[in-house]
Amino acid sequence: MQDYLGGLNERQREAVLHHNGPMLVVAGAGSGKTKVLTTRIIHLMAAHQVDAFNILALTFTNKAAREMKERVERILGDGEARNLYIGTFHSVFARILRFEAEKLGYPKHFTIYDTDDSKSVMKAVINDLHLDDKHYKPNIVYNRISAAKNALMSPEEYRNDYAIQQEDMRSGRPALSQIYDSYVKRCFRNGAMDFDDLLLKFYQLLSTIPECLSRYQQKFKYILIDEYQDTNPAQYEIIKLLGAMHENVCVVGDDAQSIYSFRGATIENILQFQRDYDQVKLVKLEQNYRSTSQILAVANQVISNNKGQIEKVLFTENPAGEKIQLVRTLTDNDEGKFVADSIQELKLRHHYAHRDFAILYRTNAQSRAFEEALRRMGIPYTIYGGISFYQRKEVKDLVAYLRLIVNPHDEEALKRVINYPARGIGKTSLDKLLLAANEKDCSSWTILQEARSYGFRAGTLTVLEEFVTMIKSFGSMLEKSNAYDVAFYVGKQTGLVKELFNDKSTEGIQRYENIQELLNSIKEWTESPDNEDGELVDKSLGAYLQQITLLTDADEKDANADTVKLMTIHAAKGLEFSCVFAAGLEEMLFPNAMAINTREELEEERRLFYVVITRAKERLWVSYANTRYRFGQLVQNEPSRFINEIPEAHLDKRFAGSSSTGMPRSTGGAGLFSKQRSFSRDAVANNRPASGETKKETPSYVGPAKAAPKVIPHTPSANFVPSDASKIEVGQRVEHAKFGFGKVISLEGAAHNPVATVVFEHNGEKKIMLNYARLRIAD
DNA sequence: CGCAAAGCTTATCTG
DNA sequence: AAGCTTTGCG
């Protein structure tokens, strides 16, 4: 094994070599904390013969976990790293809960609800309680309930908490505790846990079942926590319980980078850690290896405006580097154009690769201007923060079938697929089903088992029973077939794949390809080794489904691809780039209008600013626009107050106007470029209503075009009696009450919803839905 | 029942 | 400006 201790500074070495007992590592930005964590794991295994199975390392992102695992693997090199429990809080706890779920009354393969599923359940609950969804918006309700769960607060405690009740009254949402209560019950009935439950239920497991507590206390002899400043009370209590036996808990964090209070995180946890144990070893990592000294000086200056931090002074031996560029533009589009131009220029002049650049912003909505500008310049980029592959509609549809097979009580999955592809189970039938489930307080699947006793129409009853039989037959496949075979069969048997295949529109083809990709991903999962050095890994479909719910789009994108990276500052935590554009430094945006009401909020915004500054290794731009579009409306903002906190000595100021930005006109290959540029400038000037005129066509031409197409009126014959829909055939002459006489030229549509195309004598070709419009056979 | 147009909401950050 | 939900209609 190579000398893994070489290359560590004195402090880092101290943290690595510390053997038993609690330790707090205060690690400034860029001070090598990941290196310390991984080297510490290696050292525990190599020097103290700690078994990999006894080490638990928790991170905040899958990516951080993967990186740590790979680094350990690289040095130990014998596959031992695979036995480490390294992962995010959510994924590690989900993995354990899979073994233990039944102890808490959940099915073994409980479903994990993502945010969309949770909100959908909340909507249903709000509806069932006959509350006004104008007051109880899913987002607000979700955040409120999530906050309660992260504080380990039950619905009952929520209801009895005076301050919370006051707040809910004041905001006109007195029924929140009721919603919370119903939501929890509904999720349980569905055999589902939401993201917050993964923490909450794991905590309950440890705190209510002594055997479980002692089992995991004994298993995890050494515990390491990354980004400790962003843990919330639930995570904190779990760590406290798990570590109580051996007290070998090593937490690494930086109070200056605490940016997740909206998720319930509190810096208090760092201070409290030192009180929880008698003798906490404290190590401070204060040497920064990442940034130029100017960048670091700016960061230190900015953060010094916050009160009450853990005392530490970050220093670096790196060269001074360039000054920070402060850039003002007139509009958000100019800001985008400036950044794209600068990247192009820097790339040529200093031989940077695309991957050396990051554009970081406060809100996801800001990405558009950059995206457009980069595309116009032909610069490849990757946007983080969009929806994950597994959240796409078509993917979720097939996944919903799989979810339902694994856990038929999952009502969200059931609602999604019961009539997709269409099989004639409409809103009316579905509502009836859901109502019955609520009345009996059981899952809708249970109702379906005895659908006969609920007065469905004969035809509906048949399709319902067919549906149940189909899902059950899929379920019985699980025992003898692997996850991939089941998924493939389901896609085929339900007609879902065929339906997508038949859609030849561009999006339709894309959707079909996404389904193929989903099937590939399941295949890959199925075929990867199912045991790791003796420990059997769960390769069931249920395990697969739980895993994909916890993936984010960052996990699916290749960070090494040679592209410019666009993401929020939150998403950039833990990353570094040679060149960083910190964009949108405007009042109301950054600091955000939602976070300027208390000193605590404002200080968190400032920490966010600190985080974005410290992402930069060599060059940093800070930009703001005088005006930008919000909800389609032009708004003006002042420059951010944070700009004034940057020392003048480290600043170069400039204005990047829309007509004087970017590359000099004399760039080689000017023909193409200049053409592009003038085109884009015209586009910018013309496509904004604010510049004076709209881009509508001439009004005189449009005229009253949107009026309904004229129908030549028809008086039904005296003997007009609609014929039975099943009697209609191609070639017949028919009469329609409004359109008059015509000839049927084709029949299509599903059996339960036939559509006839009729050419009328006076009103042209119409599609007639036979279930609704009546036709009389005229012959 | 299913489609298309109109209407309404939205955008602070995330596993 | 764009996405999602409601509505109106055949």
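Here is how names work: the chains are called A, B, and so on, in the same order as the sequence lines, proteins then strands, and each is numbered from 1.
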S.K.: Can you tell me which nucleotide in dT12(B), dG15(B), dT10(B) comes closest to the side chain of Arg362(A)?
M.R.: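 It is dT12(B).
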S.K.: For Ser91(A), report the nucleic acid contact type (base, sugar-phosphate, nothing); a contact means any heavy atom under 4.0 Å.
M.R.: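 Counting heavy atoms under 4.0 Å across all strands, no contact is made by Ser91(A).
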S.K.: Find the distance Ile387(A):CD1 to dG15(B):C1' and express it as a whole number of Å.
M.R.: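 To the nearest whole Å, that distance equals 16 Å.
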S.K.: Side chain of Met594(A) only, heavy atoms from C-beta on: which candidate in dT12(B), dT9(B), dC13(B) is closest?
M.R.: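 The answer is dT12(B), which lies nearest to the side chain.
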S.K.: By nearest nucleotide on DNA chain B, pick out whichever of Asn62(A) and Lys134(A) is the more 5' one.
M.R.: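 Mapping each residue to its closest nucleotide by heavy atoms, the 5'-most match is Lys134(A).
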S.K.: I'd like to know if Arg368(A) and Asp332(A) make a salt bridge, using a cut-off of under 4.0 Å between side-chain N and carboxylate O.
M.R.: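 No, this pair does not count.
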S.K.: Picking from dA11(B), dC13(B), dC1(B), which would you name as closest to the side chain of Thr428(A)?
M.R.: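 Given the options dA11(B), dC13(B), dC1(B), the side chain of Thr428(A) is closest to dC1(B).
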S.K.: In whole angstroms, how far is the C1' atom of dG15(B) from the CG atom of Asp117(A)?
M.R.: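 Roughly 14 Å, once rounded to whole Å.
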S.K.: Which part of the nucleic acid, if any, lies within contact of Ile425(A), taking any heavy atom under 4.0 Å across all strands shown: a base, the sugar-phosphate backbone alone, or nothing?
M.R.: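 Sugar-phosphate, backbone atoms only, no base.
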S.K.: Please determine, for the side chain of Phe262(A), which listed nucleotide (dT12(B), dG15(B), dC13(B)) has the closest atom?
M.R.: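 Closest nucleotide among those given: dC13(B).
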S.K.: Would you mind telling me which of dT12(B), dA11(B), dT14(B) lies closest to the side-chain atoms of Asn143(A)?
M.R.: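 Of the candidates, dT14(B) comes closest.
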S.K.: Just to confirm, is there a sub-4.0 Å distance from OP1 or OP2 of dG2(B) to any side-chain nitrogen or oxygen of Asn419(A)?
M.R.: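 Answer yes for this pair, as a side-chain N or O of Asn419(A) is under 4.0 Å from OP1 or OP2.
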S.K.: If you measure from the P atom in dC13(B) to the same atom in dC4(C), how many Å do you get, rounded?
M.R.: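 Comparing P positions in dC13(B) and dC4(C) gives a spacing of 16 Å.
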S.K.: Holding to side-chain hydrogen bond (donor to acceptor under 3.5 Å, both in side chains), I want the full list of residues that pass it with Arg403(A), two or more places apart in sequence or in another chain.
M.R.: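 Only Asp117(A), Asp410(A) meet the side-chain hydrogen bond (donor to acceptor under 3.5 Å, both in side chains) criterion with Arg403(A).
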S.K.: To the nearest angstrom, how far is Tyr361(A) atom OH from dT12(B) atom C1'?
M.R.: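 So the OH-C1' distance, Tyr361(A) to dT12(B), works out to 13 Å.
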S.K.: Glu604(A) has an atom CD; how far is it from atom C1' of dT14(B), in whole Å?
M.R.: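 Rounding to the nearest Å, CD of Glu604(A) and C1' of dT14(B) are 12 Å apart.
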S.K.: Using every non-hydrogen atom in the two residues, find where Leu550(A) and Leu198(A) come nearest and quote the distance to one decimal.
M.R.: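 Shortest heavy-atom contact: CD2-CD1, 3.8 Å.
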S.K.: Please identify each residue that fulfils ring pair (Phe, Tyr, Trp, His ring centres under 6.0 Å) with His90(A), with sequence neighbours left out.
M.R.: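 Per chain and number, His90(A) pairs via ring pair (Phe, Tyr, Trp, His ring centres under 6.0 Å) with no residue.
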S.K.: Applying salt bridge (charged side-chain N to carboxylate O under 4.0 Å, His left out), run through Arg416(A) and Asp397(A) and close with a yes or a no.
M.R.: CA-CA 7 Å; Arg416(A) 218 182 159 94; Asp397(A) 286 335; 2.9 Å; yes
S.K.: Under 4.0 Å: is that the gap between some side-chain N or O of Asn364(A) and OP1 or OP2 of dC13(B)?
M.R.: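 For dC13(B), OP1/OP2 do have a side-chain N/O of Asn364(A) under 4.0 Å.
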S.K.: Mind calculating the distance between CD1 (Ile140(A)) and C1' (dT9(B)) to the nearest angstrom?
M.R.: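 Those two atoms, CD1 and C1', are 12 Å apart.
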S.K.: Examine dG15(B): is either OP1 or OP2 under 4.0 Å from a nitrogen or oxygen in the side chain of Thr549(A)? Give yes or no.
M.R.: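 So the side-chain polar atoms of Thr549(A) never come under 4.0 Å of the phosphate oxygens OP1 or OP2 of dG15(B).
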S.K.: Would you indicate what Ala365(A) reaches in the nucleic acid, counting non-hydrogen atoms under 4.0 angstrom: base, sugar-phosphate, or nothing?
M.R.: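 Base contact.
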S.K.: Rounding to a whole Å, what distance do you find between Phe609(A):CZ and dT12(B):C1'?
M.R.: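 These atoms are roughly 17 Å apart.
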S.K.: Please compare Phe631(A) and Tyr260(A) by the position of their nearest nucleotide in DNA chain B and report the one closer to 5'.
M.R.: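 First, find each residue's nearest nucleotide; the 5'-ward one identifies Phe631(A).
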S.K.: Identify, with sequence neighbours excluded, every residue that meets salt bridge (charged side-chain N to carboxylate O under 4.0 Å, His left out) alongside Arg630(A).
M.R.: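 None.
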S.K.: With sequence neighbours left out, write down each residue that passes side-chain contact (heavy atoms from CB on, under 4.5 Å) with Tyr183(A), or none if nothing qualifies.
M.R.: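 Here the qualifying residues are Ser118(A), Val121(A), Met122(A), Ile145(A), Lys149(A), Cys187(A), Asp194(A).
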S.K.: For Phe89(A), report the nucleic acid contact type (base, sugar-phosphate, nothing); a contact means any heavy atom under 4.0 Å.
M.R.: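 Here Phe89(A) touches no strand at all.
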S.K.: Would you mind reading off the distance between Asn232(A) atom CG and dT14(B) atom P, rounded to a whole angstrom?
M.R.: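 Whole-Å distance recorded here is 16 Å.
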S.K.: Ion pair present between Glu412(A) and Lys396(A), side-chain N to carboxylate O less than 4.0 angstrom?
M.R.: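 Between Lys396(A) and Glu412(A) there is no salt bridge, as every charged N stays at least 4.0 Å from the carboxylate O atoms.
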S.K.: Can you measure Leu634(A) atom CG to dA1(C) atom C1' for me and round it to whole angstrom units?
M.R.: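 Atom-to-atom, Leu634(A) to dA1(C), this comes out as 13 Å.
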S.K.: Which part of the nucleic acid does Tyr142(A) contact within heavy-atom distance under 4.0 Å: base, sugar-phosphate only, or nothing?
M.R.: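 The residue Tyr142(A) makes base contact.
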S.K.: Taking side-chain contact (heavy atoms from CB on, under 4.5 Å) as the definition, give me every residue that meets it alongside Ser623(A), ordered by chain and number, with sequence neighbours left out.
M.R.: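 For Ser623(A) the side-chain contact (heavy atoms from CB on, under 4.5 Å) partners, ignoring immediate neighbours, are Val327(A), Glu335(A), Ala583(A).
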S.K.: Starting at the 5' end of nucleotides 2-7 of chain C, put B wherever the base has a protein heavy atom under 4.0 Å, S where only the sugar-phosphate does, and a dash everywhere else.
M.R.: S--S--
S.K.: Counting side-chain heavy atoms from CB outward, which of dT14(B), dG15(B), dG2(B) is closest to His90(A)?
M.R.: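 Nearest listed nucleotide: dG15(B).
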S.K.: What contact category does Asp114(A) fall into here, base, sugar-phosphate, or nothing, at under 4.0 angstrom with non-hydrogen atoms?
M.R.: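 Result for Asp114(A) = nothing.
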